[in-house]
Amino acid sequence: MGFLAKLFGKAEKKINIAMCGLDNAGKTSILNFLKNGEFQGTIATMGVNHENFKLGKLSMSVMDLGGQEVFRPFWPGYIERADILVFVLDSSDVTRLPLAKDIFHKAISTYCNEEIPILILATKQDLTNVCSLAYIIHFFQLTSLFERTIHVQKTSAKTGLGIYESFQWIHDQVIKSKTRRSSKSSSQMALPRPG
Ligand SMILES: Nc1nc2c(ncn2[C@@H]2O[C@H](COP(=O)(O)OP(=O)(O)OP(=O)(O)O)[C@@H](O)[C@H]2O)c(=O)[nH]1
Ligand SMILES: [Mg+2]
């Protein structure tokens, strides 16, 4: 039985989500939009911002991890306990794309069990001159991670683009796990079409 199937079988259907990414990536803004349905100003997260949401029958406990360098050493403990990893990427921050790639690969190869679904949110898509999904998939070498379940979603906390769809994907991973509980071969690559 896979980890999500075990989870789904519990009386309390609660999933733990770790949300990480570089400082200024847009993590807290996404959660604020989800909570309030609109864009809100933020201040940098000093440590961890914990939010709880209900979606369908699931309750989601989201650990929004401060992305500044000083807080990154605290990520592993949260990522190791997560059922889903969300990595938020500022699609307009081309300069720090190599750094974002490095910390993403370090996080998933070091602290993130292979069974954990990964959602990459390519955010700030309301801005001009942002990286396309095709470019991000190529640059992050995501197709080499074929043994993992990965989904990449365009989002914007200014317009709400893709935010509900992202959390719906998380919800669907839990629901789907019910039907693939006995199959270890259920890992899939769920990359969207480039665009
Ligand atoms: N244009 C635009 N700006 C955004 C978007 N999301 C966040 N921002 C801005 O980006 C900056 C950082 O946003 P935060 O949500 O605080 O970033 P964070 O990832 O939580 O940063 P840390 O807490 O330091 O890790 C803020 O000035 C936001 O207003 C977006 O979708 N579009
Ligand atoms: Mg924050």
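Excluded from the calculations below are hydrogen atoms, water molecules and symmetry mates; all remaining heavy atoms, backbone and side chain alike, are included. Note that ligands are numbered from 1 as they come in the structure, with each ligand's atoms numbered from 1 the same way.
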I'd like to know if the side chain of [X] and the backbone of [Y] have a donor-acceptor N/O pair within less than 3.5 Å.
| X | Y | value |
| --- | --- | --- |
| D83 | N16 | yes |
| N113 | E115 | yes |
| K27 | G21 | yes |
| T45 | G47 | no |

Pairs touching residues 66-79 that satisfy side-chain hydrogen bond (donor to acceptor under 3.5 Å, both in side chains), sequence neighbours left out: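 Sorted pair list: D23-R72.
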
Can you confirm whether more than 12 heavy atoms, excluding those of H138, are under 6.0 Å from its NE2 atom?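 Open: at most 12 neighbouring heavy atoms sit under 6.0 Å from NE2 of H138.
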
Please indicate whether Y164 has more than 12 foreign heavy atoms, meaning atoms of other residues, nucleotides or ligands, lying under 6.0 Å from its OH.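 Counting neighbours around OH of Y164, more than 12 heavy atoms of other residues, nucleotides or ligands fall under 6.0 Å, so yes.
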
Please name all residues satisfying side chain to side chain donor-acceptor pair (under 3.5 Å) with N129, sequence neighbours left out, ordered by chain then number.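 Once residues adjacent in sequence are excluded, N129 has no partner under the side chain to side chain donor-acceptor pair (under 3.5 Å) criterion.
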
Just to be sure I understand the site: which N, O or S atoms from the protein are less than 2.8 Å away from the Mg ion (ligand 2)?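 Per the 2.8 Å query on the Mg ion (ligand 2), atoms found are T28 OG1, T45 OG1.
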
Less than 6.0 Å separating the ring centroids of F104 and F140?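 Centroid separation for F104 and F140: below 6.0 Å.
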
In a simple table, one pair per line, please give the protein and ligand 1 atom names for every N or O pair closer than 3.5 Å, along with the distance.
residue, atom, partner, partner atom, Å
ligand 1, 1 (N), D126, OD2, 2.9
ligand 1, 10 (O), K124, NZ, 2.9
ligand 1, 15 (O), T28, N, 3.4
ligand 1, 15 (O), S29, N, 2.8
ligand 1, 15 (O), S29, OG, 2.6
ligand 1, 16 (O), T42, OG1, 2.6
ligand 1, 17 (O), G26, N, 3.1
ligand 1, 19 (O), A25, N, 3.2
ligand 1, 19 (O), G26, N, 2.9
ligand 1, 19 (O), K27, N, 2.9
ligand 1, 19 (O), K27, NZ, 2.7
ligand 1, 20 (O), T28, N, 3.0
ligand 1, 20 (O), T28, OG1, 2.9
ligand 1, 21 (O), N24, N, 3.0
ligand 1, 23 (O), T45, N, 2.7
ligand 1, 23 (O), T45, OG1, 2.9
ligand 1, 25 (O), K27, NZ, 2.8
ligand 1, 25 (O), G67, N, 2.7
ligand 1, 31 (O), D126, OD1, 3.4
ligand 1, 31 (O), A157, N, 2.7
ligand 1, 32 (N), D126, OD1, 2.7

